[in-house]
Student: 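Input: one structure, supplied below.
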Amino acid sequence: MLNPERYLVTSALPYANGPLHIGHLSGAYLSADIFVRFLRLMDKDVVFVCGSDENGAAITMRAKKEGIQPQEIIDKYHNQFTQAFDKMGISFDVYHRTSSELHKETAQDFFLDLYKKGVFQEIDSEQYYDEKAKQFLADRYIMGTCPKCGHTEAYGDQCEKCGSTLSPLELINPISTLTQEKPILKKTKHWYLPLNKYENWLNSFIVDGELDNTYHHDATKWKNHVIGQCKSWLDGGLQPRAMTRDLDWGVDVPHEIKDSEGKKLYVWMDAPIGYISATKYWAETNNTDWKPYWQDQDTALIHFIGKDNIVFHCLIFPSILKAKENYILPINVPANQFMNLEGNKISTSKNWAVWVNEYISDFPENIDELRYNLIKNMPEHKDSEFTWKNFQETNNNELVNNIGNFVNRVIVLTNKYYNGIVPEFDQDSMFKGVWDEDFGGFHETEILSLHDELQDLNSYLRKYEFRAALKTLMNISAKGNQLLQFNEPWKLIKEDPESVKAIMNLALQIVNVLSVVLFPFLPFTSAKLRKILNLTEITGKGELLELLDELALGELPLETGHKINKAQHLFSKIEDNVIQKQIDKLKKSHKIVDLKITEPESDNLMEKKAIKDIINFDDFAKLDLRTGTIKAAEKVKKADKLLKLTIDLGDDERTVASGIAMHYTPEEIIGKQVVLLANLEPRKIRGIKSQGMILMAEGSDGKLSFINTDMKIENGSSIN
RNA sequence: GGCGUGGUAGCUCAGCUGGUUAGAGCGCAGGAUUCAUAAUCCUGAGGUCGGCAGUUCAAGCCUGCCUCACGCUACCA
């Protein structure tokens, strides 16, 4: 599709469960916004959709924790998101929400249609059910001991301590967080999308860019890490995925379907359809038809996301659309990697982040300055890093000194020499050119070079190379500075005022060009500059296309005789103390959480591990507990968490594999006295025959500690 | 351990299907200049392209092994 008739651009739906940080912006929103603004400048038909993802168990969890209704949570974050995106200049055509009726209908229609087509596999499985609360438990409503790291407060879907993905059935001692009761296993039915059936089809879509042996898109233009991750999944073989869950907050599985009571659509069947419902909402409010944007083959669909969403948007959602039939698929998914902050990963729970709403209130006049830095460091191909120091440097050295200064010198000189009137000039005037020094400069040839430069910028943006495009923009302004420096109009004005007119006119043309191409990147600065130039604001109605045409024809976009306004600074320097304050703030808030780590995680509803069922003395007597000393310890190869220990039990010696490598190094535990459960059935772990188990106490932060005797006691002593 | 992505000047990164003395921006050093927010312009220093081996007339780019970072995954009574 070389020249699509229209574009539909999406940004990942943010989850209405916590505030936005700069990582979100640099991942899925800024890139999409630049692209969309660019398309508008080129007079393309484009719709930019997004919205809040407001369903799922995590929202009810949070509501419960804060003691308010889920609706209040989603309203709070939805409003916060709307405001943050608006202030940051993210120019969605529609920002919708998945709690709306329109979305529910859309998602349900989708599901019902797939159901009627017989796409789903109905699978009965056993799931945890809370008899007291009379409901099936979502993964998030079950807590228990993580089978992988032993963390006692792991959720049914994930252990936040070791980060592993779990299924509720794996949890040891599961507890319902609703009632603190032990849940029972009960049969439940769910509908699965047989992704395995789409494997070949997906493979040619991803690897060759072909759909049913027909060209769809240029797969070589997709980012390596996107194709790489998809291939990795495809090579591993896809499994059917449940499209429904036993949840209490979300879109109901259509009631027409048997056994659908109490079941909700899972996020796969919910969030991406939010793009479609958002488009419908946009069409309704604009009195137009949504269908061409999702069903016409001449529409280019582009998903902007972070790397965590690749599989979702490249494999699962396309499969759903394929099953639905007559929907178009993305021509590209330019996923970004992650942005780190001051040497560490951005983390919401550790409060290591620059929050968008806080930035907005701390720097209400410096929105474009943040946009600039985030674009300059956008993690397009690998993880990148934001530092406040770098933020200050790019602002002071590039925005203020390069572009801001150039614009200012031109405006000041124009006002000084020509009373703010764009001067007429002689086309034959010659001066020192900046694009092609060999031939010397004529106004006309320089304008053509400027035109070429804009074409470069244009092609970078088409390729989603936003860093390179931004650099081209800065290069135009650097050329402007050279033009002034090479020709020194402040000297020349005395000897050759006619050439100065040509030079200044050219400089003004460059400034005018900047006011247009700034629009996708720094929209607020663009508007400010247009005011200084006494021109109408750029709104994205084909202005760049028009500009390119005029330049190619040798016409002057900024007409001679036009009167500009007085000079005004586009940017101002950011001082050290301001930056230091932000760094201090970041470190301080981080520390507070550090202290908290020793307390129970605030997210956990279950404060303490429940006492287990009563056992009788005989049960206890079965345990043979012995003291022992660690004689040797070594890391088990090919396993991150395992240590192979040799325990001295006096007259006996045991080999034990223990999952403590994340907590202790082999060196530091040799010689330590421990308590061993000596009559545990031996088990082979990673090729090692493990004969027993070391007793460990686990703190609420998940830290492990050896159980020890009060005083030194001989090895092999029994414990009662 | 498996899979994926990345490891290029002090910092942040470009380097297309392998082809002459490896590039940019920032920082640094020296010089020029004053219209401009002590801004600008010029020049320069600085890299055995993560390591080792191989394929080739020729490798930053291809192959193998190793290593480090990040992500997914596995082991972890």
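Below, read A as the first sequence line, B as the second, and so on, with proteins coming before strands; counting in each chain starts at 1.
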Student: Which whole number of Å gives the distance between the P atom of B/C41 and that of B/G64?
Tutor: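 46 Å, rounded to whole Å.
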Student: Could you tell me whether A/Phe406 contacts a base, only the sugar-phosphate backbone, or nothing, with contacts defined as non-hydrogen atoms closer than 4.0 Å?
Tutor: nothing
Student: So, does A/Arg467 get its side chain near the phosphate of B/C13, meaning an N or O under 4.0 Å from OP1 or OP2?
Tutor: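 Answer yes for this pair, as a side-chain N or O of A/Arg467 is under 4.0 Å from OP1 or OP2.
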Student: Within less than 4.0 Å of OP1 or OP2 of B/G25, is there a side-chain N or O belonging to A/Asn397?
Tutor: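 Indeed not, no polar side-chain atom of A/Asn397 lies that close.
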Student: At 4.0 Å (heavy atoms only), tell me whether A/Asn405 reaches a base, stays on the sugar-phosphate, or touches nothing.
Tutor: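 Answer is base: heavy atoms of A/Asn405 come under 4.0 Å of a base.
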Student: Rounding to a whole Å, what distance do you find between A/Phe466:CZ and B/U12:P?
Tutor: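 Between P of B/U12 and CZ of A/Phe466: 23 Å.
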Student: Can you tell me if A/Gln482 touches the phosphate of B/C42, counting only side-chain N or O atoms and a distance under 4.0 Å to OP1 or OP2?
Tutor: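 So the side chain of A/Gln482 is within the cut-off, an N or O lying under 4.0 Å from OP1 or OP2 of B/C42.
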Student: B/U55 and B/G15: how far apart are their P atoms, nearest whole angstrom?
Tutor: 29 Å
Student: Is there a Watson-Crick or G-U wobble partner for B/U40 with both distances under 3.5 Å, and if so, which one is it?
Tutor: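 Pair assignment: B/U40 / B/A32.
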Student: Could you check whether A/Lys382 gets within reach of a base, just the sugar-phosphate, or nothing at all, counting any heavy atom under 4.0 Å?
Tutor: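 Sugar-phosphate, no base atom in range.
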Student: What interatomic distance, in whole Å, is found between C1' of B/G7 and the corresponding atom of B/C75?
Tutor: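 28 Å, rounded to whole Å.
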Student: Taking atom C1' in both B/C28 and B/A9, what distance in whole Å separates the two?
Tutor: 12 Å
Student: Would you mind classifying the nucleic acid contact of A/Leu399 as base, sugar-phosphate or nothing, using non-hydrogen atoms under 4.0 angstrom?
Tutor: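 Answer is nothing: A/Leu399 stays at 4.0 Å or more from every strand.
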Student: So what does A/Thr394 hit on the nucleic acid, given a heavy-atom distance under 4.0 Å: a base, only sugar-phosphate, or nothing?
Tutor: nothing
Student: How far, in whole Å, is B/C26 from B/U67 if one measures between their C1' atoms?
Tutor: 30 Å
Student: Nearest whole Å is fine: how far is B/G25 P from A/Lys471 NZ?
Tutor: 8 Å
Student: Which part of the nucleic acid, if any, lies within reach of A/Val412 when heavy atoms closer than 4.0 Å are counted: base, sugar-phosphate only, or nothing?
Tutor: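 Sugar-phosphate: the residue A/Val412, judged by heavy atoms under 4.0 Å, touches backbone atoms but no base.
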